[in-house]
Amino acid sequence: MIGCADPKILSWMHADPLRYPLVISVSTGGALPDPIHLSIEEITRANAMAHTGSKNRFLLQHHLLRNFLSHWLTVQPSDLGFVQNHYGKPALADSDLHFSISRSGQSLAFYFGPVAGGIDIEELRSSQPFQAIIESHFHPNEQAAARSDKGFFTLWTRKEALLKAVGTGLTDTLSAFDCTPEHVAHRGQKYTLSTYVSPYQVISLALSGNDQTTPLCFNL
């Protein structure tokens with residue numbers, strides 16, 4: 001399970017993701033902030049979205065990402081530089097701070113930390129429409145657990161989080177690796193998986209290495 005924040009740290013603003021992993025979840029709604037900090041490329045991507053709700057959540061997510069990073073790196077949001085790997089995974093151009101983002105419905109999730117990581121969030125709902133993909137996309141060790149709603153979205157988010165941490169995204173064969181253990185080896189590297197399940201959502205985090213450090217978590 002993803003742990004809760006140390007009560008001595010009352011805000012994400014007082015955390016130091018260059019020292020320990022940090023998870024922030026956000027429930028969206030209401031008007032977009034003004035001013036909003038985005039690049040021209042991010043605005044262009046948002047404007048290509050047909051659904052207004054999806055567009056606004058994308059804008060808010062990338063605005064918040066820039067605000068979080070600019071706070072810790074003490075630079076203006078517009079001065080942040082990003083690069084992408086061969087698979088399109090974004091990273092900071094001039095910092096050792098790692099990050100990962102995810103969104104589902106009205107929910108956003110962010111990971112920040114000193115090691116490569118991946119985060120994935122899914123709103124908890126009926127998994128019945130997705131049951132047909134279990135046999136083709138889930139490892140044999142995962143298939144029984146994936147038959148329940150909580151089990152399906154737990155395993156799906158763990159797979160997505162792992163591949164985000166690896167940096168390949170959904171390009172690997174999902175059924176080839178088992179995400180039920182806490183520690184998983186993939187592409188020659190070791191990763192630690194953890195999951196938080198609430199009545200409304202599932203968040204999974206994958207961190208490079210076998211570090212047992214419990215991430216700090218904040219709900220905004």
Side-chain angles (χ1 to χ4, degrees), residues 12 22-71 73 75-93 97-112 116-130 132-133 137 149 152-172 174 196 198 200-206 218-220:
W12 66 267
L22 172 66
V23 169
I24 300 176
S25 61
V26 179
S27 295
T28 65
L32 290 170
D34 184 19
I36 193 165
H37 300 123
L38 295 164
S39 68
I40 294 175
E41 186 269 341
E42 288 164 337
I43 294 173
T44 300
R45 287 174 61 190
N47 286 338
M49 298 178 180
H51 190 270
T52 300
S54 298
K55 172 182 175 180
N56 288 344
R57 285 188 288 275
F58 175 90
L59 292 170
L60 178 61
Q61 183 179 43
H62 287 262
H63 165 82
L64 290 174
L65 174 65
R66 285 182 175 272
N67 275 12
F68 292 141
L69 292 172
S70 67
H71 169 77
L73 301 176
V75 300
Q76 292 298 314
S78 59
D79 292 336
L80 290 165
F82 296 94
V83 294
Q84 292 185 350
N85 71 4
H86 176 71
Y87 299 95
K89 179 183 179 179
L92 287 164
L97 179 58
H98 296 264
F99 70 89
S100 178
I101 62 177
S102 181
R103 67 181 182 275
S104 175
Q106 302 293 321
S107 303
L108 308 177
F110 301 81
Y111 159 72
F112 303 96
I119 195 165
D120 195 64
I121 185 170
E122 286 286 347
E123 293 192 332
L124 192 54
R125 56 198 188 277
S126 172
S127 64
Q128 191 58 42
F130 310 103
I133 73 172
H137 288 82
D149 296 341
F152 179 89
F153 287 110
T154 293
L155 289 164
W156 185 262
T157 56
R158 286 167 81 90
K159 284 181 177 294
E160 287 231 36
L162 175 62
L163 294 181
K164 288 182 179 181
V166 174
T168 59
L170 293 177
T171 59
D172 289 357
L174 295 179
Y196 169 73
S198 80
Y200 312 104
Q201 62 192 21
V202 179
I203 301 176
S204 288
L205 179 68
F218 296 95
N219 298 311
L220 305 184

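Sequence positions, counted from 1, serve as the residue numbers for this chain. Just the heavy atoms: all of them, side chains too, but no hydrogens, waters or symmetry mates, feed the values below.
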Taken in chain and number order and not counting sequence neighbours, the residues that satisfy side-chain contact (heavy atoms from CB on, under 4.5 Å) with N67 are H37, H63, P77
Parallel, tilted or perpendicular: rings of F58 and H62 (30°, 60°)
tilted
Checking side chain to side chain contact (heavy atoms under 4.5 Å, CB included) against F112, which of V23, L65, I101 comes through?
L65
Side-chain donor/acceptor of T28 to backbone N/O of Q106, under 3.5 Å
yes
Decide yes or no for K159 and H137: does some side-chain heavy atom of the first lie under 4.5 Å from some side-chain heavy atom of the second?
no
Between atom CZ of F82 and atom CG of L80, what is the distance when rounded to the nearest 0.5 Å?
5.0 Å
Less than 4.5 Å apart, any side-chain heavy atom of I36 and any of I43?
no
Tell me, with the steps shown, if E122 and S104 meet side-chain contact (heavy atoms from CB on, under 4.5 Å).
CA-CA 5 Å; E122 286 286 347; S104 175; 3.4 Å; yes
Considering all heavy atoms, the nearest S102-I119 contact:
CB-O, 3.6 Å
Just wondering, do W156 and V202 contact through their side chains at under 4.5 Å, heavy atoms?
no
Could you grab the distance from atom CD1 of I121 to atom CG of L205, nearest 0.5 Å is fine?
12.0 Å
Angle class for the F130/F152 ring planes (parallel below 30°, perpendicular above 60°, tilted otherwise)?
parallel
When rounded to the nearest 0.5 angstrom, what is the spacing between CD in Q61 and CG in L38?
11.0 Å
